[in-house]
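Everything on this sheet refers to the single structure shown next.
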Amino acid sequence: GLPNDPSVRLVLDGTAPIDDYTADLSIATAGVERITGDFGFLNSDAGQDLRLDIRGDVNALIETDYADFFGDDLRRAFVGGRDPEGVLRLQDLSIEARALTLSGSAEIGANGWPNALSLDGRLAATDGSPVLLPFGEGNTEVTEAIIDLTFDAASGDVWTLDVTATDVAQPGLTVPSLALSGAGVIQQGPPSRVDGALTYQASGLQLSDAALAQAVGRDISGELRFE
């Protein structure tokens, strides 16, 4: 349930039919409006257009205090569509929170294979303090994290991924520097294949368990391959 079991009011004000639908959304708890926005599925000669734009304060809707992560004005939005050939396109995909900025786009072919993928994001508090992450077991903090994912079949069949994080901490473990890099191929064929390699490096590990710290050491690195 919601914290303190408040009254909840959900309002959807839209038009039908469902395959040509637009609606305004409002969620309130304890008489206070928390989330507002709109979404729609609109048919046109070019296929079906999709859009979503919602924003608000979600802290009253979750048990743990993640105010430093979400802030009081979380926004999620995207614009996209599916053309008559079945190609799905998502443009201007974005998530904006106090400590997170994420943007991206995607194009998925009618065969289910990606034609293009793009994702860029940064997680960090404005004052440089550690941020409690709202996933996992809820006990992990990070000072900064950056992600960059790119694939564009029109330019080639290679995908790349880079993730870096600083001062990752949870009970018993601190990782001052963490990096993950990946690259591989997405080939629609024939023959079709997906492969790649991920390299990782964690530097300056600090473990509260002395025996484990001696066994693991201060730095670890490696590579994972898949196909």
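Computed over heavy atoms, backbone and side chain alike; hydrogens, waters and symmetry mates excluded. Only a predicted model underlies this, so the values are computations on that prediction, with no experimental measurement involved.
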So, does [X] use its side chain to make a donor-acceptor pair with the main chain of [Y] at under 3.5 Å?
X	Y	value
Asp152	Ala116	no
Arg89	Gly80	no
Gln187	Pro191	yes
Asp209	Ala211	yes
Asp148	Leu161	no
Asp195	Val185	yes

Discussion item. I'd like to check Ile54 versus Thr36 (side-chain heavy atoms, cut-off strictly below 4.5 Å). Are they in contact?
Written reply: no
Worksheet item: For Arg34 and Thr29, does a side-chain donor sit closer than 3.5 Å to a side-chain acceptor?
Response: yes
Worksheet item: How about Thr140 and Gln170: does a side-chain donor come under 3.5 Å of a side-chain acceptor?
Response: yes
Electrostatic pair [X]:[Y] at N-O distance under 4.0 angstrom:
X	Y	value
Arg51	Asp38	yes
Glu144	Arg122	yes
Asp53	Arg76	no

Discussion item. Test salt bridge (charged side-chain N to carboxylate O under 4.0 Å, His left out) on Arg225 and Glu223; report intermediate values, then the result.
Written reply: CA-CA 7 Å; Arg225 292 184 174 272; Glu223 182 180 76; 3.0 Å; yes
Fill in: Atom of Leu133, atom of Tyr66 and distance for their closest heavy-atom approach
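Minimum heavy-atom separation between Leu133 and Tyr66: O-CE2, 3.4 Å.
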Worksheet item: With Phe151, which of Leu119, Asn115, Ile186 fulfils side chain to side chain contact (heavy atoms under 4.5 Å, CB included)?
Response: Ile186
Item to complete: Fit a plane to each ring of Trp159 and Phe226, take the angle between them on a 0 to 90° scale, and name the class: parallel (under 30°), tilted (30 to 60°) or perpendicular (over 60°).
Response: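 Trp159 and Phe226: parallel rings.
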